[in-house]
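Keep in mind it's a predicted model, so treat the numbers as computed, not measured. We count ligands from 1, going down the list as the structure has it; atoms in each ligand are counted the same way.
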Amino acid sequence: MRNGVIHLFIPGPTNVPESVRRAMNVPMQDHRAPDFPDLTLPLFEDLRKIFAMRDGRVFLYPGSGTGGWEAAISNTLNRGDKVLMSRFGQFSHLWVDMARRLGLEVICIDVEWGRGVPVQDYESHLARDSSIKAVFVTHNETATGVTSDVAAVRRVMDAQASAALLFVDGVSSIASIDFRQDEWGVDLAVTGSQKGLMLPAGLAVLGVSEKALEASRRATMERCYFDFADMVKANDAGYFPYTPPVPLLYGLRASLDMLFEEGLPQVFARHHRLAEGVRRGVRALGLELCAAGPRWYSDTVSAIRVPEHVDGAEVCRIGFDRYRTSFGAGLSQVAGRVFRIGHLGDLNEVMCLAALASAEMSLADAGADVELGAGVAAAQAYYRETALFLEDAPVDLSPALISQ
Ligand SMILES: *Cc1c(COP(=O)(O)O)cnc(C)c1O
């Protein structure tokens, strides 16, 4: 059983495209050499397109998404600041935990797992309390496969004339699901290299608005490694305050080139279409998503509820041991109750069909009453229908059109 590939269907790290892997295979070089800015300055500029941001800055830290969370908080807030957060999955839970450990006073709204950011509750808190300094949104909760409406949060902030900073965790959405830093008035957006950017883990990537940069000049929370000011000074000349992971920067160049060649709207439409096929497959198997309804569906990850008598962890174990497929396990509150199919990054239809085929076998082996092939067939039918649609209209690929 050592032949062929391991099928990676976890929601990060995602599959690294061959061209990106090759681009990272470089001899080490001097990160203070005169020609180093030729690599870095265009990266800083091009990353703005990923965040859909004209003003402000992008920062690249050696680190992971979690480091990005800390960089965002420690640069712009003060100990004791009151912040508004919500918790509906393992990642939003961990962000709340970090905010508390860094000394913020967190108003935490607990939401049933399977739903997302409670926009109305946010509005009532903002209406009652003008001392809230920051509002946090987990755009895509990777543990439950739930996407929240960032634009709606901005609307209620504006309606309440809130001066708070808007923080967004976009680790499993940015570069895969539509994201608009300027238009949505996002002040601090965080992502990591190993999800939509199709790279190994190792870079925390931040989109930072002018307003957040201004706040960072006044903020008093201790920070050193993540200090924006040190980054700005070095980045302006195309350098870093310490040693950057140079091969990852070459990989990032290659992954950005791929994303721009496909076109970001096309990338988002592809994710939507691939995800919709997986969802139809899940439904055809008689199973349900953790996401509590279509308005919450994530186009990058599906958390699938297993039948009562089936253990989701067993589905993952069987998938790996027998069928060489890595699925995402259920985390924390939904451990054993769900397994997850990550469908983001460098992915196509047949890969999604493979994920469904492997999931069907693993579910059946784990004792679920599923009809082998039913999920695959439903996804095949959808991909065939929409493939014709894609050929007829190669340019206009908005997700709204494709879901019809
Ligand atoms: C993966 C992920 C993180 C954590 O990122 P690390 O790179 O593992 O530190 C945070 N938030 C979300 C939504 C994620 O999917």
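If you check the side chains of Ser172 and Thr142, you find a donor sitting under 3.5 Å from an acceptor. Under 3.5 Å, the side chains of Thr220 and Asn78 contain a donor-acceptor pair of N or O atoms.
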Quick check on ligand 1: any N or O pairs to the protein under 3.5 Å? One line per pair.
| unit_1 | atom_1 | unit_2 | atom_2 | d |
| --- | --- | --- | --- | --- |
| ligand 1 | 7 (O) | Ser64 | OG | 3.4 |
| ligand 1 | 7 (O) | Gly65 | N | 2.8 |
| ligand 1 | 7 (O) | Gln194 | NE2 | 2.8 |
| ligand 1 | 9 (O) | Ser64 | OG | 2.5 |
| ligand 1 | 9 (O) | Gly65 | N | 3.3 |
| ligand 1 | 9 (O) | Thr66 | N | 2.8 |
| ligand 1 | 9 (O) | Thr66 | OG1 | 2.5 |
| ligand 1 | 11 (N) | Asp169 | OD1 | 3.4 |
| ligand 1 | 11 (N) | Asp169 | OD2 | 2.6 |
| ligand 1 | 15 (O) | Thr142 | OG1 | 2.4 |
| ligand 1 | 15 (O) | Lys195 | NZ | 2.6 |

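Atom CD of Glu371 has 12 or fewer neighbouring heavy atoms from other residues, nucleotides or ligands inside a 6.0 Å radius. Other residues, nucleotides and ligands contribute more than 12 heavy atoms inside 6.0 Å of the NZ atom of Lys49.
The side-chain contact (heavy atoms from CB on, under 4.5 Å) check on Ser358 picks up Tyr323, Thr325, Phe327, Ser362, with sequence neighbours excluded.
Aromatic ring centres of Tyr225 and Tyr242: separated by under 6.0 Å.
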